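Fair warning: this is a prediction, and the values are worked out from it, not measured in the lab. Each chain gets a letter, A, B and so on, in the order the sequences are listed, and its residues count up from 1.
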Number of protein chains: 2
Amino acid sequence: MGGDRAPEAVIAGAEMVRARHGNVGFIMVGDEARLAPLMKGYPELSRVCELRHCDAVVGPDERPSAALRNRRPTSMRVAIQAVRDGEAAGIVSAGNTGALMALAKMTLRMLAGIHRPAIASIFPTRRGRTVMLDLGANLECTPDNLVQFAVMGEVFARTVLDIEKPSVGLLNVGIEHNKGNETVREAARLLQSGSLPIEFHGFVEGNDIVAGTVDVVVTDGFTGNVALKTAEGTARLFVDFLREAIDQSLMARIGYLLARGALKNFRDRIDPRLYNGGVFLGLNGITIKSHGSADEVGFANALGFAVEMARHGFNDKVIEELNRWHDGRSTEAQVAAG
Amino acid sequence: MGGDRAPEAVIAGAEMVRARHGNVGFIMVGDEARLAPLMKGYPELSRVCELRHCDAVVGPDERPSAALRNRRPTSMRVAIQAVRDGEAAGIVSAGNTGALMALAKMTLRMLAGIHRPAIASIFPTRRGRTVMLDLGANLECTPDNLVQFAVMGEVFARTVLDIEKPSVGLLNVGIEHNKGNETVREAARLLQSGSLPIEFHGFVEGNDIVAGTVDVVVTDGFTGNVALKTAEGTARLFVDFLREAIDQSLMARIGYLLARGALKNFRDRIDPRLYNGGVFLGLNGITIKSHGSADEVGFANALGFAVEMARHGFNDKVIEELNRWHDGRSTEAQVAAG
């Protein structure tokens, strides 16, 4: 029930995912009086969809602490509980971000071996797609946090983005090994140690994010959040400047009409709907936040992430990789001690 | 002598500034055998220009510590000494950034009341131009550092960008007062306290930088450096994607030709040469770093910043504003104590 276009965009997005991915079911949590009539338009989706009635909703401006305290069964809470109870593999919501993180963290708990959750998103790049994390869940991070983010980002790129051997970069103010603060330098040392089965590229800079220098960009939530919004803002400014330039002359408008077909390709490459979905990593259950303004194409993209993560056993793979790391670490310690 | 196009672009840029600003003189430091023949092409510039011969140069990859240790009179060192000795109001160099900061800091010392230098640059925005600092001089900042950056940024926007009452924003992950880490929250409290004659807007986010929400964006050097490079990378990606889309069809290329006049306006608004110049603030002498690849238009822009700062007595105005702040603070303390 969350977001600006619920429940219509949610249902239409689910139908797109059903048609695209097949063999997937949904528990649609919300006001049955509104959902049921809409579902009538989707006979095939209805066959794989269970409606779960819920009156209450988390308000868009409700504080996370209030959403936690208030025990009423909101659509968000009930949907997360379905994941906790093993009825659903994951939850996708276009509602209140802070409340979703707080409720999911409390209800699902952390994944074994992960100390802090992270928010990941994918970016269009010159080479394809890059995943970046954290985008705001943790403003201050330890080197260990960053290493855990690297593991989760690498598994995400491997499973969801289907990149065979993803390269991982640590965001910094320069690429030389002596650059940056103590935290990123120590995280780089840990990632270089070789006990992780990760293709660690080293440090990357802000321009490397969309250049696609690496498949996974790891950073703390403060820097990642600023970088994400700076990239979005710059993209928007460009589109606006371009539109204003074209609008100012008749010749330019005619030129634009001629180029329109080719520009569709340009628009498709930067279509934010194809990058919609903030993935909450590190929780004991797949949790994805769709942008509140997402239409069905955008919502289907976020849902698609959840389907791919579930199919590939994302969380199991993260645990496996972390265990290999810890084993490698204790072996190293033994060697050092012996 | 620094940068990819020295000394030609430096001399041609100086000529542009002479013609534009008038009543300005230059000390051109470098290899006289190369400079003197070039100067012959600029009779008017030659009249206001003193050549100061110097054999040695700081190499582009020389480490700042090596540039400091090595006592030989490089063109960079001699130019900075001219500022220290009161012969020049400021130094502009397209050479090694780290060496310029280290040599300028050691030779010119810090401005009274400023604890750490900052690097500032201007950005094109929807509303005009915005100055952001720090872009990498200080990776970790105290609340006091950020307040001092705010003062310097505000004076820069007022004097060089000619904005009557510049608004100042603190870069954060959200605009609500409880967002962010302890450092930005404490800096916001200090800026809000009212003892500074600054129009403090509050927190801003990454997308606000190019939206032009405020005239001055204040942040630590780690975040600022990443944001700057992310914006540059995103802008470059857009231009590349656009070019590729247009190149792929004849119709689009014809369309582009028709729109070319209008697109010139677009290109002018984002021309990086008009934003060239990393301004080192907080030193006891105007110090500006031009991009190494800058042509004469870019170098003239960086030189223009120095001229405007000198004309407006930039550093005096910063000291004045800081004194007012400290007076306000001690008055507040007296009131609190009394």
Taking side-chain contact (heavy atoms from CB on, under 4.5 Å) as the criterion, tell me which of B:L171, B:V226, B:V173, B:T183 meets it with A:F222.
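When B:L171, B:V226, B:V173, B:T183 are each tested with A:F222, the side-chain contact (heavy atoms from CB on, under 4.5 Å) holds only for B:V173.
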Counting heavy-atom pairs under 4.5 Å to chain B, which of A:I254, A:L135, A:D240, A:L257 comes out on top?
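So the answer, after comparing A:I254, A:L135, A:D240, A:L257, is A:D240.
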If you tally heavy-atom pairs under 4.5 Å against chain B, which of A:A211, A:A235, A:G261, A:G136 wins?
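Option with the greatest count: A:A235.
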Give the interface residues of residues 201-210 of chain A toward chain B, defined by a heavy-atom separation under 4.5 Å.
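Those residues of residues 201-210 of chain A which have a heavy atom under 4.5 Å from chain B are A:E205, A:G206, A:N207, A:I209, A:V210.
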If you count heavy-atom pairs under 4.5 Å with chain A, which of [options] comes out on top?
| options | value |
| --- | --- |
| B:V239, B:L242, B:D220, B:L263 | B:L242 |
| B:R236, B:Q248, B:R126 | B:R126 |
| B:E244, B:M251, B:E140 | B:M251 |
| B:L228, B:I246, B:N181, B:L250 | B:N181 |

May I have all residue pairs that pass salt bridge (Lys or Arg N to Asp or Glu O under 4.0 Å) and include part of residues 247-265 of chain B, sequence neighbours excluded?
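Output for this query lists B:K264-B:D268.
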Which portion of A:N178 sits near chain B, non-hydrogen atoms under 4.5 angstrom:
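When you check distances to chain B, only side chain atoms of A:N178 fall under 4.5 Å.
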Residue part contacting chain B, namely of A:N265, when any heavy atom lies under 4.5 Å
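Answer is side chain: those atoms of A:N265 sit under 4.5 Å from chain B.
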Interchain contact, [X] with chain A, by part (heavy-atom threshold 4.5 Å):
| X | result |
| --- | --- |
| B:L237 | both |
| B:R243 | neither |
| B:E232 | neither |

Take A:T234 and B:T230 through the test side chain to side chain contact (heavy atoms under 4.5 Å, CB included) and record every step on the way to the result.
CA-CA 9 Å; A:T234 307; B:T230 301; over 6 Å; no
Does atom CZ of A:R63 have more than 12 heavy-atom neighbours, drawn from other residues, nucleotides or ligands, at distances under 6.0 Å?
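Open.
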What are the two closest non-hydrogen atoms of A:A245 and B:A262, and how far apart are they?
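Reported closest heavy-atom pair: O-CB, 3.1 Å.
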For a quick test of reading the model, state the closest non-hydrogen atom pair linking B:I270 to A:F241 and the distance between them.
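Answer, listing the atom of B:I270 first, then A:F241: CG2-CD2, 3.8 Å.
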Parallel, tilted or perpendicular for B:F238 and A:F238, by the 30°/60° rule?
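The arrangement is tilted - the two ring planes meet at 30° to 60°.
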